[in-house]
Trainee: 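Pasting a structure here, questions to come.
What's counted below: heavy atoms across the whole structure, side chains too, no hydrogens, waters or symmetry copies.
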Amino acid sequence: MMEMVNNSSFHPEYFILIGIPGLEEYHFLLSTPFCCMYVLTLLGNSLLLFVIGTNEKLHQPMYIFLMMLSATDLLLCSSAVPKALSIFWFKSHEIVFSGCLLQVFFIHYLFVIESSVLLTMAYDRYIAICSPLTYKSTVTNSFIVKTALLSVTRAFCIITPLVVLLNRLPYEHSNVIGHTYCEHMAVAKLATADTLVNSVYGLVAAFSSTGIDMIIIASSYVVIFRAVLRLPASEDRFKAFNTCGSHLCVITMFYIPAFFSFIAHRVGKDKIPPSAHILLANLYVLVPPMMNPIIYGVRTTDIRQKVLSMFCKKWDRDKHLGKSGLLEA
């Protein structure tokens, strides 16, 4: 029910996020996997940033893009999960109107940036495999800076109108959102005015960002696989497939849950239970950020060796200090 309304603009002072509809009695139980995945996301991505940042050998374009991906994952996950946990643990359902719009902005903004980073990583692999002789002259530090600036600028230009359109709508009846975080269409559905413009722009924004990115990534990998299959040495083919394998795993985990969540909002809302839809919407801000450092850590030899070396050195140092303590005693 609408309890507090700004009469001049018909904006509620706050929205109420109910969490996962139909599973309210299991919120505390659900908080355990949510919290574990969030902690793993923080630890895994922070470790990846530290390992790459402190090792000059890894200051190469592929690993710099990976750092960009990890930083975006940390911010994306942290934009949604803490509020969900506060709902599960402390029944903190309220979020002020401006805070809700900010959450809408940052979640969608970071999602578009991550899509851009994945596209850039696909281009990096395309140049490395299909045109290796031009790689160093193409993927330069200047190129990396320009792509980073282009990614954040594109995301800002696409997502800002989304929030402006939400802000112009009146919300006179209900302020209850059946979600764990503020999502564009979930908020727009509460409006007491025509939301056709919001729906159309949402489709345009999705296609002009992640939709185009997916098409270009898929096209680039078709060319990459054709180039790899033409390599004469099986060892070279295996190495190329292994390098691309990590990226393909990450792309699959990132786009598929987001795609189904997007479709569920517009097509399957009467066929898909709200609880399943909201759980799916949480998966795409939880699972990819958690799995990305694991996938790259396990499949990328340089990173795996650096991580193992770091922990082995610490273990040897602790063991040596333990022996020294025993001798002194």
Trainee: Ignoring hydrogens, what is the shortest heavy-atom contact between G202 and H184? Give both atom names and the distance.
Mentor: CA-CE1, 4.4 Å

Trainee: Return yes if some donor-acceptor pair links the side-chain N/O of N45 with the main-chain N/O of T41 below 3.5 Å, else return no.
Mentor: yes

Trainee: Looking only at atom types and distance, does a side-chain atom of R237 sit under 3.5 Å from a main-chain N or O of L231, one as donor and one as acceptor?
Mentor: yes

Trainee: Verify whether one side chain among S131 and T134 offers a donor that lies under 3.5 Å from an acceptor in the other.
Mentor: yes

Trainee: Quick one: side-chain hydrogen bond (donor to acceptor under 3.5 Å, both in side chains) partners of T138, sequence neighbours excluded?
Mentor: none

Trainee: Would you say the side-chain atoms of R154 and S116 include a donor-acceptor pair closer than 3.5 Å?
Mentor: yes

Trainee: Around atom OH of Y26, are there more than 12 heavy atoms from other residues, nucleotides or ligands closer than 6.0 Å?
Mentor: no

Trainee: Ignoring hydrogens and angles, tell me if any N or O in the side chain of Q60 forms a donor-acceptor pair with the backbone of M62 under 3.5 Å.
Mentor: no

Trainee: Near Y201 OH, under 6.0 Å, is it more than 12 heavy atoms from other residues, nucleotides or ligands?
Mentor: yes

Trainee: Would you tell me whether N55 and Y63 have side-chain atoms, one donor and one acceptor, within less than 3.5 Å of each other?
Mentor: no

Trainee: Would you find a donor on one side and an acceptor on the other, under 3.5 Å apart, between the side chain of Q103 and the backbone of C182?
Mentor: yes

Trainee: Check for me whether the distance between the ring centres of Y221 and H247 falls short of 6.0 Å.
Mentor: yes

Trainee: Within the 4.5 Å heavy-atom criterion, are L101 and F97 side-chain neighbours or not?
Mentor: yes

Trainee: Does the H59 side chain pair with the main chain of I64, one donor and one acceptor, at a distance under 3.5 Å?
Mentor: no

Trainee: Not counting sequence neighbours, which residues clear disulfide bond (SG atoms under 2.5 Å apart) with C77? List them please.
Mentor: none

Trainee: Say whether, by atom type as modelled, one donor and one acceptor occur between the side chain of N175 and the main chain of Y14 under 3.5 angstrom.
Mentor: yes

Trainee: Are the side chain of H27 and the backbone N or O of I20 linked by a donor-acceptor pair below 3.5 Å?
Mentor: yes

Trainee: Can you give me every donor-acceptor pair (side chain of residues 279-290, partner residue at least two apart or in another chain, under 3.5 Å) with its distance?
Mentor:
residue, atom, partner, partner atom, Å
N282, OD1, T180, OG1, 3.0
N282, ND2, T180, OG1, 3.0
N282, ND2, I278, O, 2.8

Trainee: Kindly give the cluster partners of V145, where membership spreads through any ILVMFWY side chain lying under 4.5 Å from a current member.
Mentor: L149

Trainee: Take the angle between the ring planes of Y171 and H11 and call it parallel below 30°, perpendicular above 60°, tilted in between.
Mentor: tilted

Trainee: Using a 4.5 Å cut-off between side-chain heavy atoms of Ile, Leu, Val, Met, Phe, Trp and Tyr, which other residues end up in the same hydrophobic cluster as L150?
Mentor: none

Trainee: Donor-acceptor check, side chain of T195 to backbone of N198, threshold 3.5 angstrom: yes or no?
Mentor: no

Trainee: Keeping Q305 on the side-chain end and I303 on the backbone end, is there a donor-acceptor pair under 3.5 Å?
Mentor: no

Trainee: Look at the side chain of S78 and the backbone N and O of L75, then say whether any donor-acceptor pair between them is shorter than 3.5 Å.
Mentor: no

Trainee: Do S220 and Y123 come close enough that some side-chain heavy atom pair is under 4.5 Å?
Mentor: no

Trainee: Which donor-acceptor pairs under 3.5 Å do the side chains of residues 106-115 make with protein atoms, sequence neighbours left out?
Mentor:
residue, atom, partner, partner atom, Å
H108, ND1, V104, O, 2.8
S115, OG, D213, OD2, 2.6
S115, OG, Y255, OH, 2.6

